[in-house]
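Note sheet for the following structure.
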Amino acid sequence: MKKLLMGVAAIAAVVMGAGAAQAADAAAGKDVFKVCMACHTAEQGKNKVGPSLFGVVGRPAASIEGFKYSAPMKEKGAGGLVWTAENLDAYIKAPKEIVPGGTMAFAGLKDDAKRADLIAFLSEQK
């Protein structure tokens with residue numbers, strides 16, 4: 001009986017561990033954002049080479065008034081692209097795949113955990 005209980009406990013631990021996703025860490029995302037700071041800010045109304053990322057989560061693409069977006073990014077915005085967490089994740093991973101011909105020079109962030117942390121940080125910037 002003791003072996004059976006230990007076996008059940010071990011299986012439960014594996015199942016629970018496999019199903020539990022690691023939560024994104026906004027504080028760690030602030031450190032990841034340092035890579036973005038060459039071109040972007042998280043300050044409202046302050047653009048650099050790239051647009052401000054203040055309030056980006058939930059914002060339609062190419063929607064900051066007065067910022068000069070590339071034609072492909074404007075097309076994505078006109079087509080209804082909204083920067084949801086999922087869309088940001090895909091874009092940050094491979095910008096040229098999501099907006100072919102766009103001007104963002106960043107090659108992409110392949111690390112899933114770092115992208116999740118970054119998006120958690122950006123979600124707080126509102």
Side-chain angles (χ1 to χ4, degrees):
M1 181 70 165
K2 187 175 181 181
K3 285 184 180 180
L4 177 63
L5 288 175
M6 287 176 51
V8 169
I11 291 170
V14 168
V15 170
M16 289 173 61
Q22 185 174 356
D25 182 351
K30 185 175 183 178
D31 285 337
V32 178
F33 185 72
K34 291 176 183 174
V35 172
C36 310
M37 290 175 63
C39 298
H40 298 277
T41 70
E43 296 176 45
Q44 186 173 16
K46 185 174 181 185
N47 299 317
K48 292 172 92 174
V49 173
S52 168
L53 298 180
F54 180 88
V56 69
V57 179
R59 181 171 75 204
S63 63
I64 292 180
E65 190 69 36
F67 185 82
K68 187 176 179 180
Y69 291 98
S70 66
M73 184 61 80
K74 288 179 187 176
E75 289 172 18
K76 290 289 186 174
L81 178 64
V82 174
W83 292 125
T84 62
E86 295 80 17
N87 287 338
L88 279 169
D89 183 61
Y91 184 66
I92 295 165
K93 183 176 184 178
K96 298 294 183 191
E97 288 181 21
I98 304 303
V99 184
T103 56
M104 188 154 110
F106 185 64
L109 180 60
K110 306 306 179 207
D111 185 301
D112 294 341
K114 287 184 179 180
R115 281 195 322 276
D117 292 345
L118 176 59
I119 293 166
F121 169 73
L122 291 173
S123 294
E124 293 183 345
Q125 307 310 302
K126 45 185 164 179

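Just the heavy atoms: all of them, side chains too, but no hydrogens, waters or symmetry mates, feed the values below.
- Expressed to the nearest 0.5 Å, how far NZ of K68 lies from NZ of K74 amounts to 7.5 Å.
- Atom NZ of K110 has more than 12 heavy atoms from other residues, nucleotides or ligands within 6.0 Å.
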Per-pair distances, 0.1 Å, donor-acceptor, side chain in residues 36-53, under 3.5 Å, sequence neighbours excluded:
from: H40; atom 1: ND1; to: P51; atom 2: O; distance (Å): 2.7
from: T41; atom 1: OG1; to: E43; atom 2: N; distance (Å): 3.3
from: T41; atom 1: OG1; to: K46; atom 2: O; distance (Å): 2.5
from: N47; atom 1: OD1; to: S52; atom 2: N; distance (Å): 2.8
from: K48; atom 1: NZ; to: M37; atom 2: O; distance (Å): 2.5
from: S52; atom 1: OG; to: E43; atom 2: O; distance (Å): 2.6
from: S52; atom 1: OG; to: F54; atom 2: N; distance (Å): 3.1

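- Within the 4.5 Å cutoff, the side chain of I64 has heavy atoms near those of the Y69 side chain.
- Between the CZ atom in F33 and the CD atom in Q125 there is a gap of 7.5 Å [rounded to 0.5 Å].
- Looking at every heavy atom in both residues, A85 comes nearest to V57 through N-CG1, 4.5 Å.
- Scanning for side-chain contact (heavy atoms from CB on, under 4.5 Å) contacts around D111 gives A113, K114, with sequence neighbours left out.
- Scanning all heavy atoms of the two residues, the minimum distance from A24 to A116 falls at CB-O, 3.4 Å.
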Atom pairs and distances, donor-acceptor, side-chain atoms in residues 92-106, under 3.5 Å, two or more places apart:
from: K96; atom 1: NZ; to: G102; atom 2: O; distance (Å): 2.5
from: K96; atom 1: NZ; to: M104; atom 2: O; distance (Å): 3.1

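- Distance check: L118 CG to D25 CG gives 12.0 Å after rounding to the nearest 0.5 Å.
- Residues V82 and I119 are members of separate hydrophobic clusters, defined by side-chain heavy-atom contacts under 4.5 angstrom among Ile, Leu, Val, Met, Phe, Trp and Tyr.
- Rounding to the nearest 0.5 Å places CZ of R59 at 9.0 Å from CG of L88.
- When side chains are defined from C-beta on, V32 counts as touching L109, because their heavy atoms get closer than 4.5 Å.
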